[in-house]
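The structure under discussion appears below in the form of C-alpha cells.
In listed order, ligands and their atoms are each counted from 1.
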Amino acid sequence: MEMVKIKVKRFNKDKDGFEEYEVPKGINVLNALEYINKNYHANIYFRSSCRAGQCGSCAMCINGEPKLACKTKVEDGMVIEPLKNFDVIRDLVVDRTPYYKKLANLRNYIERKEYPEDLENIKPDDINKVKKVRGCIDCLSCLSVCPVRKFTDYAGPTFMRQLARFAFDVRDEGDREKIAYFENLYNCTTCAKCVEVCPKEIEIVHHAIEKLRELCFKKGYYLKNHLAVRENVLKYNRSVEKDKTPLLEEVNEEYLVENEKMRVAFFTGCLIDYRLQNVGRDAIKVLNAHGISVIIPKNQVCCGSPFIRTGQTDIAEKLKKKNLEIFNNLDVDCVVTVCAGCGSTLKNDYKEKEFEVMDITEVLNKVGLIKYKPLDATVTYHDPCHLKRGQGVYDEPRKILKSIPNLKFIEMEVPDQCCGAGGGVRSGKPEVAYALGKRKAKMIFDTNVDYLVTVCPFCEYHIRDSLKKYKEENNIKKDIKVMNIVSLLSKVV
Ligand code: SF4
Ligand code: SF4
Ligand code: FES
C-alpha cells in the first residue's frame, strides 16, 4: 500500500504542536484521521457525522484553507489544523458556542404574529430567492476566513446569509434589514473570500450582502457617505467629484497601430478618468507597444459598481443601460479594463452585453508579452479581490512581472487578502477600511520591496494611504511606491 505523510495539529493539556503520521494514499482526510487513531492510538479529537458533505461538522483547515475533511483527499505533505479564528477546545475541535448564540440572537426563525392565511400567494420567484441562500450546512468555513469579521465588529458572512434568507421570506415579518444594519452589514468589503471557501457554493456576496443592502437602502438603512457618491454620479456620471481635466477630455478617440494584433475599446472607469489620468495614458502606451489598437468611447459612464455593491441598484441600472448602448455597437475584439472593480462588474453584472471583457493583464498575455527593457528593482503584487475572485485572474499579472529582466518578484504573506477598500467601505466606513489596510501595509513592508503593483485604482489609492499611515504610526523610514501594473510596464516598453 502506497503511503503519504501528513501533519496534524494537536492541542490538549499535554500537547500544542504538529505530529506527523503516515496514511494510505488516496483516502479522504476523515478516513485518514480515523486510520491514525486506529493504527497509531493517537486519540485525535475531531468532529464528523454524515461523511457525505451534508452536515458541515468535519470542516477543518487543510493546507491553510477551510475544507470538509470527508470530501478532501489526503496528499503528501498535507497540513491539517482546526478552523482558524475560533477558540480550540481540543485538537481539531473548535468551540461553536458563539456561533449558536449569535444565531439565536438574530432570531433564527420565521417571525410573525399570526399564522399566514394566504400561503398560496407565495410565488416561485419568492421561493427561488430564498433557495439561493438557504443551502448552508453550518460548516463555519466562511466565518473562519472573513477578514472583516476578524478585524472589526461585523457579524460575518453566514449570519448575513441567514438574515437575507428571512428578509426574502414573504412569511417573515421581522425587520431583518435593521438587524443586518446594526450587525454592520456595511462593513463587508465584498471581497468574496467567503464565497471561495463555501462548500455549498453559496454566492453570499451577490445573493445575500448586495441584496440585503438593496433592501436596506429602500428602508433608509444606508450610510451617509454613500449618498455623496450618489450625488456625484447624478452630477457627473462618475462616482467621484471632478477636480481636474478628465482623461476622456484630453485623449484622442483612437490610438491605432500598424499591423495590429488586436483592437480593443478602453473602459476607463471613474478613478482613471477623473483622478489617475496618468494610469490611463500608461495603459494606452502599453497596449500600443504590444501591437494593440485602442478605441476610447468618449461618452462612457461609471460602470455602476459602487452602486451595485452599496444597494443603490436604481442608479446602477441606468448606468449599465448607457454603457451597453455604447459598447454593444463597437467593432472591437474586446473591451479592456485596468480596474478590477469595473472589469468584474462588466463581466458579471452586465448580463446583456454583446462584447467580451478582458482585464489588461489577460489581453497582454493573450497577444503575447514583448521583450521588456530591464528594470533593477524589487516588486510585490497585491491581488485585487475583484480581479482574483471576481474574474479568476491570478497568474497573468505574475507572468508579466516575472518576464521583466532584472526585476525581482517577491510574494507577500497573503497577496489576495482584501486591502479594505471595496464594497463601498473606503467611502462609507474609512476606519473599517484602515483596519484591513494596516494588515496589508504590514505584509507589504515585510517584503521590503521598491514597488507594490496592483490592477485596481481603488486598491492603489487605499494601499498608498494605508502604507503612509502605517509608516507614520510605526516610524518606518522605507518608502514603497504603489502603482498600477501599466505604470510599471510603461517604464520598460
Ligand atoms: S465578502 Fe469578504 S468581507 Fe464580506 S462577508 Fe465575505 S469574506 Fe467577509
Ligand atoms: S455559508 Fe457556506 S461556508 Fe458559510 S457556514 Fe454555510 S455552508 Fe459553510
Ligand atoms: S462529515 Fe458531514 S460534511 Fe463531512
Using a strict cut-off of less than 4.0 Å between a Lys/Arg side-chain nitrogen and an Asp/Glu carboxylate oxygen, indicate whether Glu19 and Lys7 qualify as a salt bridge. no
Which residue and non-hydrogen atom of the protein lie closest to atom 8 (Fe) of ligand 2, and at what distance in Å? Cys139 SG, 2.3 Å
How far is atom 6 (Fe) of ligand 2 from the closest protein heavy atom, and which atom is that? Cys136 SG, 2.3 Å
Among all protein non-hydrogen atoms, which one is nearest to atom 2 (Fe) of ligand 1, and what is the separation to 0.1 Å? Cys191 SG, 2.3 Å
Nearest option to atom 7 (S) of ligand 2, as decided by whichever heavy atom of Val195, Ile137, Leu140, Val145 sits closest: Ile137
Side chains of Arg238 and Thr268: do they bring a donor and an acceptor to under 3.5 Å? yes
Look at the aromatic rings of Tyr40 and Tyr35 and report parallel, tilted or perpendicular, splitting at 30° and 60°. perpendicular
Heavy-atom nearest neighbour in the protein, as seen from atom 3 (S) of ligand 1, with distance rounded to 0.1 Å: Val148 CG2, 3.4 Å
Are His386 and Thr190 close enough that a side-chain donor and a side-chain acceptor fall under 3.5 Å? yes
Proximal ligand 1 atoms for Cys146, defined as those under 4.0 Å from one of its heavy atoms: 3 (S), 5 (S), 7 (S), 8 (Fe)
Around atom 4 (Fe) of ligand 2, find the nearest protein heavy atom and jot down its residue, atom name and distance. Cys142 SG, 2.4 Å
Is there a side-chain hydrogen bond (donor to acceptor under 3.5 Å, both in side chains) between Tyr100 and Asn105 once you walk through the steps? CA-CA 9 Å; Tyr100 295 123; Asn105 283 346; over 6 Å; no
Ala192 and ligand 1 - part of the residue with a heavy-atom distance under 4.0 Å: backbone
His207-Glu203 side chain donor-acceptor pair, cut-off 3.5 Å: no
State if Thr190 counts as touching ligand 1 under the rule of any non-hydrogen atom under 4.0 Å. yes
Within ligand 1, which atoms have a heavy atom of Thr189 less than 4.0 Å away? 3 (S)
Is it true that Asn323 and Gln300 share a donor-acceptor pair across their side chains at a distance under 3.5 Å? no
Are side-chain N/O atoms of Asn28 and Lys71 paired as donor and acceptor at under 3.5 Å? no
Under 2.8 Å from atom 2 (Fe) of ligand 3, which protein atoms of type N, O or S occur, listed by chain and number? Cys50 SG, Cys55 SG
When you check the side-chain N and O atoms of Thr313 and Glu214, is any donor under 3.5 Å from an acceptor? yes
Taking backbone and side chain together, does Cys198 place any N/O/S atom at a distance below 2.8 Å from atom 2 (Fe) of ligand 2? yes
Between the CD atom in Glu431 and the CG atom in Leu436, the distance rounded to the nearest 0.5 Å is 11.5 Å
Atom 5 (S) of ligand 1 [closest protein heavy-atom partner, distance rounded to 0.1 Å]: Tyr154 OH, 3.3 Å
Near Pro199, which atoms of ligand 2 are under 4.0 Å from a heavy atom of that residue? 3 (S)
Which label fits Phe159 and Tyr99: parallel for a plane angle under 30°, tilted from 30 to 60°, or perpendicular past 60°? tilted
Do the rings of Tyr181 and Tyr186 sit parallel, tilted or perpendicular, given the 30° and 60° boundaries? perpendicular
